[in-house]
Structure formats: structure tokens, C-alpha cells
Amino acid sequence: MNNLELAKLIFKDELKAPDEYELIYPPRELPAGAMVTRLGPSPTGFIHLGNLYGAFVDMRMAKQSDGVFYLRIEDTDDKRYVDGAVDSIISALDFFGINFDEGAESDGERGAYGPYYQSLRGEIYRAYAKKMVEDGYAYPCFLTSEEIAEIRSAQEAAKETPGVYGKYAKYRNEEFELVKALIEEGREYVLRLKSSGKTDVSPDEMSQITVFDAIRGELVMPENNQDIVILKSNGMPTYHFAHAVDDHLMRTTHVVRGAEWLSTLPVHVELFEKLGFDLPIYCHTAQLMKIDEETGQKRKLSKRLDSELSLDYYMSQGYHPLAVREYLLTILNSDYEEWRIANPDRANEEFDFSVEKMNNSGALFDILKLQDISKDTLLRLRGDEIADFVANWASKYRREQYDVIAQDLEYLARIMDIGRSGAKPRKDLIYAAQIADFISYFFDEFFVIKDSIPPEVPTGDVPLILSKYLDSFDFSDDSQQWFEKIREIARDAGYAEKPKDYKKEPDKYKGHVGHVSTVIRIAITGLSQSPDIWEIQQVLGEERTRARIEKFAALYR
RNA sequence: GUCGCCAUGGUCAAGUGGUCAAGACGUAGCCCUCUCACGGCUGAGUCGGGGGUUCGAUCCCCCCUGGCGAUACCA
């Protein structure tokens, strides 16, 4: 048989037989129903919310079924490689709570089904490619990129499906002697799949394949008829071929990937078939989308364009990983939100996640929703936990503030807890960058007067109000006693004790107690709007409070 | 162009052959209130279009439109 000679001609090195690999990587011994999933990033170093979204699905499926979730680095394209990328991918994923049972690690790898770097699996791919040639399912193709471009434009002109297939696959059934001569001559070539799909019929006459997708149900698609490349001229496999070999040998049960792979599914089905592998269960997730600012159109998240959606962005803004996970869960399984409302204190791991509940259409990323969820998520954390988180964030992203706010973590924790107890806790805290700005007035180093006193208060009243306040000020007053004194000051100075009184009879008063308290509020926080002043004072301490009042009053003397 | 996937308010979405078409975010107003938040109440806002099938379609079928994706020796 020529195929055997051809295989020998192409693969001169010693290669294991595929059967040996079957033995080296036997089926996993796992409980019934256990799912084996994987994440296969290419090492560009860039990873965005969409990747995290998919990684989440993988991890939940494996964890919920007592299966295995592993990391495989898909570095078959050297053009894509970025130094240090694997490390940054792993640490970013880890930050958001994605961790692996096996696979690539920053200092090597772990697990019995490796190597987990595709660049290290060359021999394995070649072994299976050789078998493809022997079986007559693959052949060397010497078409240059110029020739392929010509074929393409001819096909486009003739309104035919573009690609290398059927009569356009010039070397598909080439004479052995000629192939041999070309190879010996040193001509570059790729290895192509010899597709058995029909090529001489119109698209609607093509045979259909049906594939079950765990998210989308039964998919009916035309069979593949393209002689796609399986081994590039440098000997590396294409994604398609590596996917088939790796997911088989690593015994992946569920392939979770974005919907952009749907159109190549027929290729993969044919590959698995020709290789003699069982098909994994595919789970094609909808893509996370965003609105393109320039065009105003919905589009898939892009690595190139959407740096603000990179995981780095959320880390640098200081979104809490839990918040991001909560958000992702709400778009992954829409009943998660209701579950969360019903179970505010349970860990999200207890939620029964399922791929069947996933939506088929792409969700638009909504930062407002993330922020809302973030507020609620931070509410479930203790003040000291948030303080630690913010301090940690500042140490990386805001050095100059870190030195100040992290000096006294207990103080920081008390700041975080302001207004958070009781039945209707405040929801001021969203993400670290916002929190750092929000609390800056608690530190003398950052304290500035930003707002001006309300127009209802004549300038001359300011020192009056403040000196009275200072005179009657007793740090040990409780909240009610404290406010009673403010009312007194307001009344004595000609302001209504209740805003309603002022509303009813505006001519009778200069303003109301709210205006008076605003003066005090500005003196203490520099802002006309803030959480409860009494609580702020309790955290600031008596000394700092008095100092600020005095300093502000001095401005009006 | 061709092929594929998708289609319920601004966003995420539940949903069924007969519903006043859930809920969340956002938004408007009111209430609570020393400010701001929080909370409460109320409101505005949707089944892309056209054909069928049916006593009846948001739901089932077809066409169109729109969005997204694929069309590489990238993944």
C-alpha cells in the first residue's frame, strides 16, 4: 500500500504507535458521572472576562461532579507566544478563584496526562498524524499560500465555497512518486485531512450530521468536506488536530468553549471519527458581548480592543473576586439571582449550577449590574476583610495611599464598618479604587475641604455654629444626645429644628437643622454629603474631630 | 458573498398554545430622612416584521430582517 510508504517517507523518526499512547493515558478512574473539563488558553498573556466566564463553567462542572479540571496551554502558534504569559494567566485566574486539579503550573506541571503544554506534545501529534496517513485519511499538500489565495479568489468569483477541497485539493490524490520527489527536493508542505465529505453537491444536498450539545441540544449541521490542515509545515498541529488528540488522550469528557467554534464542529466530528475516538460532549457557550463605542453595535469581547475588559482591569480597579464571580454566575444561570436573594448567607458553591440553564444568546456585559452586585457582595464581608482587601489592593495599585491607609488596619476596618450594621445597612462600598476615594477624608494626609457651605447659612453663622458645637461637644454622647444638641444650636441660631417646619414656613427661618449639620459635616469631612457624622466622629476620635472643627472655624474668623 | 448560531422592555432575563407576560439592574416620581446612601411604595418601558397552523399564538412551522460568529499553515 502506498499509504504505508508515504507515512514512512514523511515520518522518518521513531514514533510510538497510537496504541501505546492509549496505554500510557488510560481512561481515568473516576466516580460515575464525573466530568473532566479543561481550559485551553493560548499564551498571549491576555485574559478577559469572557475567558473567566468559560473557565467558571468548566470548574463548576468538574467540581460538582467530583471530576477533574485541568489547564492545558495551547501554544502551537509561536507567533502568539508572550513571555511570562502562563504565569500571568494562572495568577489572574487564581485571583478570581479559578484553580485547577492538574495541568500546567507556573513552575512546570502536575498530573498523569501531560505534557500539558501543546508545544511539548509534538511526538504525540506526529504519531497520530502518521496513523492518519497510513489509513489514507491525510496527505501532504504542497500548495503555496499564493496558490491558495488564487484558488480562493477564483472560488469567490464563481460564488463557490472557498477552501481546499475536492477538485481544488490538487495534491489529494497525487502520484506517490511525485510526492516522494517533491519531499526529497525539500519542498515545504502541510499535512491535510483527506475529508470524505461530498464535494460535488450543492450545500443543501450535503449529508447532515447531528451532534448533541449540552447547552444547545441537538445540532444538525452539514458534514465537513474541507481538507483542512492538521499539521503545519513546521510540524505543529493546528487547533483542530490538537483538540482531537489532546482531549481524547487527556480523557476530557466535556469540551466547554465559545460559540465561535460551532462552525468548525463538523471538522472536529470528522477528525474524531477518522482517529477512532469517541466524541466528547460539547458545551458551546454564548459569547459575552459589549457595545462597541465607535459603531454602537453589539460585538464579542475582543482581546485586542477591550483592554478594559481584561482581568487586569478588574484587578487594578479592585473589584472583589467574589463580586466578579457573583456577577458571572448571574449571567451564567439566570436563576442564580433568585437563589442568592433566598439564600443570602450561603456560599455560591452551594448553588446548583447546570449547563442546561445557560442561555444560547450572547449577553451584553453590564458594568452597572456588576457594581450593584458588588455592593451586595461586600455587604456580606466583614469590615476587617474589606480593609485587608483594600490595603492589599493599594499595595499594588496605589502605593502613595497604601502607606497611609494601611498603617492602622484596625482603623481602616472601623471605617469600612460605618453604617453597615442594622437592618438597612449602607451600600457605599463597590470596588477598592472607589472605596479608597470614598474614605480619603478619614486621613489627614488626604483631607481637603471640597464642598462649600449651603446658601441658607450666612457666612457669619459658620463660626457661631461651630463654636457652639465645640462648646457642647461631648464625645461620649450617644447618637441621639448628639443630635439633640445640633437641634438646639439650630433653634438658637434661627433655623428650623425640622426640615418640614422650614418647608411649611420658609420665611420664618433662615434654614433648617440640615443646613446647620451640613456646616459641621463639611468641617469634619470636607463634603456636604457623607454617612452619619456621629459615627464618623466615633471613628475619627475626639482629638481629630475637635481639631478639624477648630481649623474650619478659623477660616471664617 | 457563503455557511452557522441567536432573537421577550435600555441591560440581564423567567415563561406558557389561552398569563393583567415574573424578577433583577437601570430610569422617573413619592415616602422615610440632618446630607448622602440604605429601605419602602408607585410609574414608564418588551414578545423585531410578514405569512401560515390553530377557535386562539410571545410560544409551533416558513420567509424576511437584524445581531453575532466562521470562512487561516490563529486559537
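Every chain is numbered from 1, with letters handed out A, B, ... down the list of sequences. FYI, side chains are in, hydrogens and waters are out, and symmetry mates aren't considered; it's all heavy atoms of this structure. Remember, predicted model here, so these are calculated numbers, not experimental data.
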Aromatic ring of A/F483 stacked on base six-ring of B/C34, 5.5 Å, 30° = yes

Please determine, for the side chain of A/V229, which listed nucleotide (B/A75, B/C73, B/G4) has the closest atom?
-> B/C73

Nucleotide nearest A/K500 when distance is taken to its side chain, options B/A75, B/G4, B/C32 | B/C32

Mapping A/V220 and A/D372 to their closest nucleotides on RNA chain B, which lands nearer the 5' end?
-> A/V220

Tell me which of A/D532 and A/L262 sits closer to the 5' end of RNA chain B, going by the nucleotide each one is nearest to.
-> A/L262

Side chain of A/D366: nearest nucleotide among B/C74, B/U35, B/C25?
-> B/C25

Can you tell me if the side-chain N/O atoms of A/S334 get under 4.0 Å from OP1 or OP2 in B/A14?
-> yes

If pairing requires Watson-Crick or G-U wobble contacts with both distances under 3.5 Å, which nucleotide is the partner of B/C59?
-> none

At a cut-off of 3.5 Å, list every protein nitrogen or oxygen paired with a nitrogen or oxygen from nucleotides 37-40 of chain B, distance to 0.1 Å.
from  : atom 1 : to     : atom 2 : distance (Å)
B/A37 : O2'    : A/D428 : OD1    : 3.0
B/A37 : N3     : A/R426 : NH1    : 3.4
B/C38 : O2'    : A/P425 : O      : 2.7
B/G39 : OP1    : A/K427 : NZ     : 2.7

Tabulate protein N/O versus nucleotide N/O from nucleotides 6-8 of chain B, keeping only pairs under 3.5 Å, one per line.
none

Do the ring planes of A/Y239 and A/W261 sit parallel (below 30°), tilted (30 to 60°) or perpendicular (above 60°)?
-> parallel

Would you indicate what A/S145 reaches in the nucleic acid, counting non-hydrogen atoms under 4.0 angstrom: base, sugar-phosphate, or nothing?
-> nothing

In terms of heavy-atom contacts, does NZ of A/K357 have more than 12 from other residues, nucleotides or ligands at under 6.0 Å?
-> yes

Considering only B/G4, B/C34, B/C73, which nucleotide approaches the side chain of A/V513 most closely?
-> B/C34

If you check the A/R521 side chain, which of B/C73, B/G1, B/U35 turns out closest?
-> B/U35

Do you see a donor-acceptor pair shorter than 3.5 Å between the side chains of A/Y336 and A/N348?
-> no

Answer yes or no: is there a side-chain heavy-atom contact under 4.5 Å between A/L379 and A/R420?
-> yes

For the residue pair A/Y171 and A/F142, is the inter-centroid distance of their aromatic rings smaller than 6.0 Å?
-> yes

Return yes if some donor-acceptor pair links the side-chain N/O of A/N224 with the main-chain N/O of A/S195 below 3.5 Å, else return no.
-> no

Looking at A/F56 versus A/Y53, is the centre-to-centre ring distance below 6.0 Å?
-> no

Look at the side chain of A/I331 and decide which nucleotide, out of B/G26, B/C12, B/C5, has an atom nearest to it.
-> B/C12

Would you indicate what A/E338 reaches in the nucleic acid, counting non-hydrogen atoms under 4.0 angstrom: base, sugar-phosphate, or nothing?
-> base

For A/P499, report the nucleic acid contact type (base, sugar-phosphate, nothing); a contact means any heavy atom under 4.0 Å.
-> sugar-phosphate

Should the pair A/Y282 and A/H268 be assigned to parallel (<30°), tilted (30 to 60°) or perpendicular (>60°) ring geometry?
-> parallel

A/H240 side chain, from C-beta outward: closest of B/G23, B/A75, B/C34 = B/A75

If B/C34 has a Watson-Crick or G-U wobble mate with both distances under 3.5 Å, name it; if not, just say none.
-> none

May I ask which nucleotide in the shown strands pairs with B/A22, Watson-Crick or G-U wobble, both distances under 3.5 Å?
-> none

For A/W482, answer base if it contacts any base atom (sugar-phosphate contacts may also be present), sugar-phosphate if it contacts only those atoms, and nothing otherwise; contact means non-hydrogen atoms under 4.0 Å.
-> base

Kindly point out which of B/C34, B/C73, B/C25 is positioned nearest to the side chain of A/K232?
-> B/C73

Take atom C1' in B/C60 and the same atom in B/G18, then report the distance between them in whole Å.
-> 15 Å

Candidate nucleotides B/C73, B/G23, B/C34, ranked by approach to the side chain of A/E337 - the nearest | B/G23

Base B/C36 paired with A/S530 side chain (donor-acceptor, <3.5 Å) | no

Phosphate OP1/OP2 of B/A75 contacted by A/T76 side-chain N/O (<4.0 Å) = yes

Distance between C1' atoms of B/U16 and B/U8 (Å, rounded) = 13 Å

